[in-house]
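Numbered from 1 within each chain, the chains take letters A, B, ... in sequence-line order. Bear in mind the structure is a predicted one, so any value in this text is a computation, not a measurement.
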Number of protein chains: 2
Amino acid sequence: MPKLKRISESTISRLSRYYRALVQLDKDNYETVSSKDLANLEHLTPAQVRKDLSFFGSFGTRGLGYPVRELKDKIARILGVDQEWNVALVGIGNIGSALVSYKEFARQGFKIKLLFDNDQRKIGSNHKGIVIRDVANLTRELKDNHIEIVVIAVPPQQAQAVCDDIVKADVKAILNFAPINLKVPKGVSLRNENMAMELEHLSFCLVNDHYCEQG
Amino acid sequence: MPKLKRISESTISRLSRYYRALVQLDKDNYETVSSKDLANLEHLTPAQVRKDLSFFGSFGTRGLGYPVRELKDKIARILGVDQEWNVALVGIGNIGSALVSYKEFARQGFKIKLLFDNDQRKIGSNHKGIVIRDVANLTRELKDNHIEIVVIAVPPQQAQAVCDDIVKADVKAILNFAPINLKVPKGVSLRNENMAMELEHLSFCLVNDHYCEQG
DNA sequence: ATTTTGTTGTGAAAGCTTTCACAACATCAT
DNA sequence: ATGATGTTGTGAAAGCTTTCACAACAAAAT
Ligand SMILES: NC(=O)c1ccc[n+]([C@@H]2O[C@H](COP(=O)([O-])OP(=O)(O)OC[C@H]3O[C@@H](n4cnc5c(N)ncnc54)[C@H](O)[C@@H]3O)[C@@H](O)[C@H]2O)c1
Ligand SMILES: NC(=O)c1ccc[n+]([C@@H]2O[C@H](COP(=O)([O-])OP(=O)(O)OC[C@H]3O[C@@H](n4cnc5c(N)ncnc54)[C@H](O)[C@@H]3O)[C@@H](O)[C@H]2O)c1
């Protein structure tokens, strides 16, 4: 019985982790799994697992645990990975190319449909079977092709302008690799993949081991 | 007067953001900045900024704000980005290659010194001026070259074995791109860059807009 | 001098997340 | 049937993070 409460970022991230674990358990032909087992697999606490799941309903049986396949499917539904998503990629440089080559995303339902760049030498060329389009037509082409998720992999100076064009196309989900704080209107989901920040987190831990979680 | 309290992950991430903002403000020749200004730049609250900084000391002047260059340098010190770090990269495939090409990391003090792979065709070849070494010698070479941070960019099946070799070399900081939960002993800092998880977060928001922050 | 305006640093309050603890079941052995 | 064992779902407690609110200053104006 899902109440209309905000779900925390950490709960959503953990759902992804449960999902990955359940896919593996299902492959390994496990029928059921307890919150304790699932917690151990992901280095979490059983109470955390049960509380996270309880936000979305009661999926388990007391005394037995959770049915693996069923729970996997339920979480897939919740995460929206039971369906296909049309993804576009803007900026086909180092990172952009790596993402296009990565077949795992497609297998998970994230289908890279369109590629964009502003480099005349790249526009029109075929990249892993997908033609690179001119970013000048970004808004229109995103609309025409019903793109639902856009990945930004352009230099930081260009990122906000690209982002604005994406928002104009009514796209509601953006994954950004540029190390910059993009401004998006309410109703648009933005996730940042900031590697510099992760490296700085690590150097912080190296310098301040006493302050840091891992002690 | 730094008390010996754990610093939260979110505070550390925000320090990275303040730092980036301060670098820009310094370039733009600003002398001072208030918690209000800094908060506006990063879409945070002034109280948050002041509280975060207060964990590490008092850097501002009442009535005036913070001296930009001084605060920048203080945060650089706290984050450990006032020094150089020796970085090694394991797995020179799509993602690994993209990281080697990225000059920004070196500029920030993260110097990629060694590359490793297990593919005989790649081992010994020169990649952007760095020779690719055999991962068989990983532990010894990490030690010999005083590597402090290692980036894992191998397929998920190989990641834990690679990780174990890294830990054996007494490396205390690991950045992992493989979509898998690595097990590391206490005292080793591990950060994960999991793009699939970010995409799933976005699809969750698309499916459950009412549950999601951006509502 | 005194007032006004501006801003920090921080204890306390509010809000949010995780953990605890236990009733409510389910299964199995006897 | 009954008891023993195992596990969920959840309200309450504990713990953590963010926001509030204000004293303590600093500078400038009067
Ligand atoms: N490569 C990495 O390892 C790495 C690591 C961390 C962050 N990043 C960030 O990811 C982003 C991409 O990095 P990269 O190394 O792939 O850069 P890159 O220079 O290799 O690629 C950028 C691509 O974007 C294109 N581009 C530029 N402006 C554009 C615009 N307005 N519209 C469309 N395309 C445009 C360029 O032509 C180029 O193909 C950057 O913001 C970078 O800071 C990269
Ligand atoms: N490419 C992407 O866009 C992307 C996106 C998300 C996650 N990832 C993850 O990042 C990792 C790397 O992805 P990729 O696309 O670069 O893969 P890739 O196959 O292009 O590269 C992997 C490299 O690792 C090497 N390797 C394999 N086993 C090794 C070992 N034991 N020791 C040393 N090297 C070894 C391979 O020879 C290869 O060069 C994977 O875990 C992948 O799931 C990649």
Is it true that atom OH of B:Tyr30 has more than 12 heavy atoms of other residues, nucleotides or ligands lying nearer than 6.0 Å? no

Would B:Leu99 and A:Met195 satisfy side-chain contact (heavy atoms from CB on, under 4.5 Å), going step by step from the backbone distance to the final call? CA-CA 10 Å; B:Leu99 294 173; A:Met195 300 172 202; 3.6 Å; yes

In whole angstrom, give the distance that lies between atom CZ of B:Phe59 and atom P of C:dG9. 8 Å

Angle separating the five-pair end axes of the helix from C:dA1-D:dT30 to C:dT30-D:dA1, nearest 10°, is 10°

Please give, in whole Å, the distance from C:dT17 P to B:Arg6 CZ? 22 Å

From CZ of B:Phe56 across to C1' of C:dT8 the rounded distance in Å is 17 Å

Under a 4.0 Å N-O cut-off, is there an ion pair linking A:Glu9 with A:Arg191? yes

Hey, what's the ring geometry for A:Tyr211 with B:Phe56, parallel, tilted or perpendicular (30° and 60° as the breaks)? perpendicular

When rounded to whole Å, the NZ to C1' distance for the pair A:Lys74 and D:dT8 reads 15 Å

Rounded distance (Å) that lies between atom C1' of C:dC16 and atom CD of A:Glu9: 13 Å

Do you see a donor-acceptor pair shorter than 3.5 Å between the side chains of B:Glu198 and B:Asn194? no

Can a side chain N or O of A:Tyr66 be found less than 4.0 Å away from OP1 or OP2 on D:dG9? yes

Has B:Glu104 got more than 12 heavy atoms of other residues, nucleotides or ligands less than 6.0 Å from its CD? yes

Would the distance check show the side chain of A:Ser189 and the main-chain N or O of B:Leu202 forming a donor-acceptor pair, the cut-off being under 3.5 Å? no

Protein within reach of the bases, or only the backbone? For nucleotides 18-28 of chain D, mark each nucleotide 5' to 3' as B, S or -, using heavy atoms under 4.0 Å. SBBB-BBBS--

A quick test of your reading: do over 12 heavy atoms of other residues, nucleotides or ligands sit less than 6.0 Å from NZ of A:Lys111? yes

Is there a side-chain contact between B:Ser35 and the phosphate of C:dT8, meaning an N or O under 4.0 Å from OP1 or OP2? yes

